[in-house]
Amino acid sequence: MRCVSWSASWRPSPWPRLTRRTSSIFSQIRPIVRLSAAGERPIRWPRSAFWLWQPPEPRAGLLLFRGLEPQRRWRAYTTALLEVAARCGVQRMVSLGAVLAGVPHTRPPRVTGSSTDPAWQTRFEACRMLTRRSRYEGPTGIATIVMDAAQRRAMASCNVRGQAPHYLQRATHPAVSRALLTAVARLLDLELDLSPCEAAVQTFRTQCDQAVAQDAAVQASVRQLKQDYDATGDEALRPRREDDFNPEQLMHELEDFWRQERERGAE
């Protein structure tokens, strides 16, 4: 994923508070042009942003960050981000993201947590979350770099990942977003109203069902994923098999289906 997002719990410090969203661009990601219903072509510029939430009662607040993975100067990017976190008194950091897995869109997304910090491990167990210790070796992303640097600064950190269907790798999965928010709310003792997510979750599920129903081979593949999901329960992720259907092919079919639906709706 190119978009990295995480939330970090913090406590008040003598530094000035961030009272508005700020952004810093460290990469050369291209801007995106859109076509509006009125025929206008607005340009959307890439940006990184901070949001600050402070509860009315005397308890820890949240410093939220969402940004793009930079193309260069990763150390400078990481240092700048963690300096803002330090100025706000951040003590704990949670990295949120998604991983592609052999799971169906028709089942609730599983969420896993990982951390080398014993306190976070205990918290995972208390929240009945699946835990994963990464065995991956190879090229990594900016989230790993930031979390490693946070640990070196004595900031307790953990990773929370939602499992998204690998055949929907180009889509934003509302159910995974909702599952991540539910998990982080338990971890940080937050009360979040997730009811606004329900409509997006149901709409996306319906669109996927309709697209899958148009191809018998895809239906069989999704049916097998459902059986694997139900059989494994809370076991480890099922590694992808060589005979798994091509996710690129299904994604193209889904995009064609959604484009046709939009065109019919515009008629």
Side-chain angles (χ1 to χ4, degrees), residues 1-9 51 62 64-69 92-115 117 120-121 123-136 140-144 146-147 157-209 212 222 225-226 228-240 244 247 250-251 254:
M1 295 179 62
R2 298 189 64 83
C3 180
V4 180
S5 62
W6 55 86
S7 64
S9 62
W51 293 266
L62 291 176
L64 307 177
F65 173 78
R66 184 178 188 271
L68 296 167
E69 182 174 89
R92 297 183 297 168
M93 186 172 289
V94 179
S95 171
L96 302 179
V99 294
L100 298 175
V103 295
H105 70 277
T106 56
R107 294 291 186 269
R110 292 174 177 145
V111 176
T112 63
S114 64
S115 177
D117 188 295
W120 276 119
Q121 292 288 350
R123 188 63 182 158
F124 290 149
E125 294 176 2
C127 294
R128 301 174 62 88
M129 284 182 58
L130 296 175
T131 58
R132 295 286 184 272
R133 185 173 182 84
S134 177
R135 303 176 65 87
Y136 170 78
T140 190
I142 189 63
T144 300
V146 171
M147 301 306 279
S157 60
C158 72
N159 293 294
V160 178
R161 296 290 180 262
Q163 299 175 15
H166 59 68
Y167 55 89
L168 298 177
Q169 56 186 281
R170 294 183 185 177
T172 298
H173 202 305
V176 174
S177 299
R178 181 182 61 182
L180 285 169
L181 291 173
T182 300
V184 79
R186 293 201 305 266
L187 283 173
L188 301 180
D189 293 322
L190 301 174
E191 294 184 4
L192 299 181
D193 178 13
L194 300 181
S195 57
C197 299
E198 295 303 322
V201 171
Q202 294 301 322
T203 298
F204 186 78
R205 166 65 187 272
T206 299
Q207 291 174 337
C208 290
D209 287 344
V212 169
V222 174
L225 289 177
K226 290 192 291 187
D228 292 343
Y229 179 103
D230 296 338
T232 56
D234 290 343
E235 296 177 11
L237 291 174
R238 179 182 69 84
R240 287 188 57 190
D244 275 343
L250 177 57
M251 199 61 238
L254 287 171

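Atom set for the values below is all heavy atoms of this structure, side chains included, hydrogens, waters and symmetry mates excluded.
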- Message: I'd like to check the side chain to side chain contact (heavy atoms under 4.5 Å, CB included) partners of Ala185; sequence neighbours left out, ordered by chain and number.
- Response: Leu190, Leu192

[X] versus [Y], closest heavy-atom pair with distance:
X      : Y      : result
Gly102 : His166 : CA-CD2, 3.4 Å
Pro165 : His173 : CD-CD2, 3.5 Å
Met147 : Ser157 : CE-CB, 3.2 Å
Phe124 : Gly113 : CE1-C, 3.6 Å
Pro109 : Val176 : CG-N, 3.8 Å

- Would you list the pairs meeting side chain to side chain donor-acceptor pair (under 3.5 Å) in which at least one residue belongs to residues 189-202, sequence neighbours left out? Arg123-Asp189, Arg178-Glu198, Asp193-Ser195

Beyond-backbone contact of [X] with [Y], side-chain heavy atoms, under 4.5 angstrom:
X      : Y      : answer
Leu62  : Leu188 : yes
Tyr167 : Pro104 : yes
Leu187 : Trp120 : yes

- Task: Look up atom CG in Asn159 and atom CE in Met93, then write down how far apart they are to the nearest 0.5 Å.
- Result: 11.0 Å

- Message: If I take atom CZ from residue Phe204 and atom OG1 from residue Thr172, how far apart are they, to the nearest 0.5 angstrom?
- Response: 8.0 Å

- Query: What pairs with Asp209 under side chain to side chain donor-acceptor pair (under 3.5 Å), at least two apart in sequence or on another chain?
  - Reply: His105, Arg205

- Task: Please confirm whether the backbone N or O of Ser114 pairs with a side-chain atom of Arg161, one donor and one acceptor, at under 3.5 Å?
- Result: no

- With distance as the sole test, does Ser115 use its side chain to make a donor-acceptor pair with the main-chain N or O of Gln121 at under 3.5 Å? no

